[in-house]
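Below is one structure, written out as structure tokens, with a few remarks after it.
Below, chain A is the first sequence line, B the second, and so on; all start at residue 1. Note that the structure is predicted; figures quoted are calculated from it, not measured.
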There are 2 protein chains.
Amino acid sequence: METKGSRSPAMTDVARLAGVSHQTVSRVLNDHPNVKEQTRLRVRAAIAELGYRPNRAARALVTGRSQLIGVVARNSMLYGPASMLTEFEQAAADAGFAVSVGSVRELDRDSISAVVDRHLDQRVAGLVVIAQVASATEALAEIPADVPVVFIDGDPAAGRSLVTVDQVAGARAAVRHLLEAGHETVWHVSGPTEWFDSAGRIQGWRQTLQEAGREVPPLLSADWSAAEGYRAGQMLARMPEVTAIFTANDHLALGVLRALHERGRRVPHDVSLVGFDDVPEASYFIPPLTTVRQAFGDVARAALTLLLGQMKAEPGAADTVIVPAQLVVRESVAPPS
Amino acid sequence: METKGSRSPAMTDVARLAGVSHQTVSRVLNDHPNVKEQTRLRVRAAIAELGYRPNRAARALVTGRSQLIGVVARNSMLYGPASMLTEFEQAAADAGFAVSVGSVRELDRDSISAVVDRHLDQRVAGLVVIAQVASATEALAEIPADVPVVFIDGDPAAGRSLVTVDQVAGARAAVRHLLEAGHETVWHVSGPTEWFDSAGRIQGWRQTLQEAGREVPPLLSADWSAAEGYRAGQMLARMPEVTAIFTANDHLALGVLRALHERGRRVPHDVSLVGFDDVPEASYFIPPLTTVRQAFGDVARAALTLLLGQMKAEPGAADTVIVPAQLVVRESVAPPS
DNA sequence: GTGGGAAATGTTATCGATAACAATGCTCGC
DNA sequence: GCGAGCATTGTTATCGATAACATTTCCCAC
């Protein structure tokens, strides 16, 4: 387009070409009502001819707000957060927004404040905080009240604008599936307990067992890694009474799978297993893993909708969207032998 | 900090408090040499007292360039690109830059141009293009020559500023490792052949076999998924002469692993297997996977360094950095039985 | 056909920084 | 003790958009 050696055209260039004032060009650009149709077309033509594109910096300066959405996320290669981010970026791009990521090593107050400040420097139009732990929610105190904010995965009870997957229901589906296969009870390898996601899954697991009048075995809590899944699996593999395991994500399941394999306990013949996430590889585990899928795309789109809503209307409007989770049945569950 | 209800302080506020002109404040901020030490301190104090932070939009407007680096990447949850992105964001943040991601469904010219244009709208200070296929490199024609650009994973022969992992050497190490274990030859399940990464790994595989005077078996090419790895694995599992397999990434290896398992061919007893990437779960595959690790952090930092270099000096300076890959030996390789 | 009011357009101020130039102040040599 | 020359600081213009207000145009009712 703008392969000319000179600088890119500004609004006044368009105005000159169209024979109007720059303000009229601005009005056309912003879809103001009081512009004659004929003028509008003339301006549009001039814009097209020059390949004009508005300078976002200038606009941001005068309006005090950019076409940029800041995302705060933990720096991690975890499947969930990473999926979330790409999905959100796609949705935002479709709505004409750019996304600036600010990742943070730990979700503590200070790190989050620093990233939020960086985003505010850029005069972001809104913020999305992927806040899987309570400390992240606390950091919201740092965010000025007039900046639209949406949380993903935060505390469902916080009364802030928030989108999250129905972890409890997902876990219930997983546990119910195992009970229905005939298992007496279900063991759970959870994620870090300070994560809301973990808490929800633990709660769903515990409730379902209790409602069915089953004994609730001790909780094994881990981080999200295959390594810790393996460690937990080594314990579980030694206990013959363990016939059904629900892990808080698929990578934990992978670790458990290997531990069971090493002790000669076969899945699903001896032990049934259900994961969470439905990572793309899950159907190629040995055996293919029954798991719970989270609709990250839906979460991302819902978050964007909430954010855009806040930009138009009052920021700070609390609105909670809970996206359902879905059990994906494969071959890692069977009746107890 | 700026919890006051009013707007955040501007440079003139700082100037007034420090008893200097706003220009002097600007000079302090930009580390200009000719400011008296005493004045500098006074201004610094005023900045701290007010919690002043420069308005990036205003700066971008007048300099024509923001403190924002645009990254163009394919929208995918592949381990490599995703790792790349987070690592780069970290490095950029440390250098005081924000990162705007622009992901794209396909790496064709049009999609890339669109994303690049969006970034140019934001007046990015530089661009990083994660360009795994040739079509991405072609799209560089759209990028004005005065914008610093660094490619990651692009065509090593393109003569553009580029950082990439030494795919050839990585593949050579993998194949050599298998040959040294005593295997007659090594089969290869590659990624999509139009990817530079794939091409490099194929080349390294082929070269190493040829140099050792071994027969080069037919290439099995796939996408990067466990699903296609499984399909390729089903074929390979049926062929008794296959004793060593090198897959172009770990997820392919996972699929192969399952296919071999299903046909009762044991790894590494009957078949040896080497992957590529070293995803965190790789040591929890059954058996733990020998693979090749790519130093994504190094790639990201090198890319940033190149980019900053271009910003200071001439953009367009061609400079190629090749980051080594490293074989990680685990348990999926053994001598042929 | 004329006055009123809305629709359409133009003018000027503004956002908050940097750049270019102007104007001080200081040091030092003779 | 005075002027050259550099170090330091201030003034004004500028980037490219939107906002607020001013002005012109148009249409219609009376």
Original post:
Would you say C:dG16 has OP1 or OP2 under 4.0 Å from some side-chain N or O of B:Thr12?
Top reply: no

Original post:
Whole Å only: how far is the CD1 atom of B:Ile47 from the C1' atom of C:dA17?
Top reply: 13 Å

**OP:** Verify whether one side chain among A:Gln90 and B:Arg105 offers a donor that lies under 3.5 Å from an acceptor in the other.
**Re:** yes

Original post:
Side chain of B:Asn55: nearest nucleotide among D:dT12, C:dG16, D:dT9?
Top reply: C:dG16

Original post:
What pairs meet the side-chain hydrogen bond (donor to acceptor under 3.5 Å, both in side chains) rule with one or both residues in residues 36-45 of chain A, with sequence neighbours excluded?
Top reply: none

Original post:
Between C:dA17 atom C1' and B:Arg27 atom CZ, what is the distance in whole Å?
Top reply: 13 Å

Original post:
Charged N to carboxylate O under 4.0 angstrom, B:Asp121 versus B:Arg118?
Top reply: no

Original post:
Rounded to whole angstroms, how far apart are CZ on A:Arg123 and C1' on C:dC15?
Top reply: 10 Å

Original post:
Choosing from C:dT11, C:dA17, D:dT18, which nucleotide comes nearest the side chain of A:Ser21?
Top reply: C:dT11

Subject >> Side chain of B:Leu61 - closest among C:dT9, C:dT18, D:dG16 >> reply: D:dG16

**OP:** Return the minimal non-hydrogen interatomic distance between B:Val104 and B:Ser111, and the atom names on each side.
**Re:** CG2-CB, 3.0 Å

Original post:
Tell me: CG of A:Asp31 to P of D:dA17, nearest whole Å?
Top reply: 16 Å

Original post:
To the side chain of A:Gln23, which of D:dG10, D:dA20, D:dA7 is closest?
Top reply: D:dA20

Original post:
Toward the 5' end of DNA chain C, which comes first, B:Leu29 or A:Val62, by nearest nucleotide?
Top reply: A:Val62

Original post:
Rounded to whole angstroms, how far apart are CG on B:Asp13 and P on C:dA17?
Top reply: 9 Å

Subject >> Separation of C:dC21 C1' from B:Asn34 CG (nearest whole Å) >> reply: 15 Å

Original post:
Under 4.0 Å between a side-chain N/O of B:Thr63 and OP1 or OP2 of C:dT18, yes or no?
Top reply: no

Subject >> Whole-Å gap separating P (C:dG16) and CZ (A:Arg65) >> reply: 13 Å

Original post:
For the side chain of A:Val20, counting heavy atoms from C-beta on, which of D:dG16, C:dG10, C:dA17 is nearest?
Top reply: C:dG10

Subject >> Spacing of B:Arg53 atom CZ relative to C:dG16 atom C1', expressed in whole Å >> reply: 16 Å

**OP:** Tell me which nucleotide among C:dG16, D:dT8, C:dA8 gets nearest to the side chain of A:Lys36.
**Re:** C:dA8

Original post:
For B:Thr24 and D:dG10, is the shortest distance between a side-chain N/O and OP1 or OP2 below 4.0 Å?
Top reply: yes

**OP:** Measure from the side chain of A:His22, starting at C-beta and using heavy atoms only, and say which of C:dT12, D:dC15, D:dA13 lies closest.
**Re:** C:dT12

Original post:
What heavy-atom pair brings A:Val149 and A:Gln310 nearest, and what distance separates the two atoms?
Top reply: O-NE2, 2.9 Å

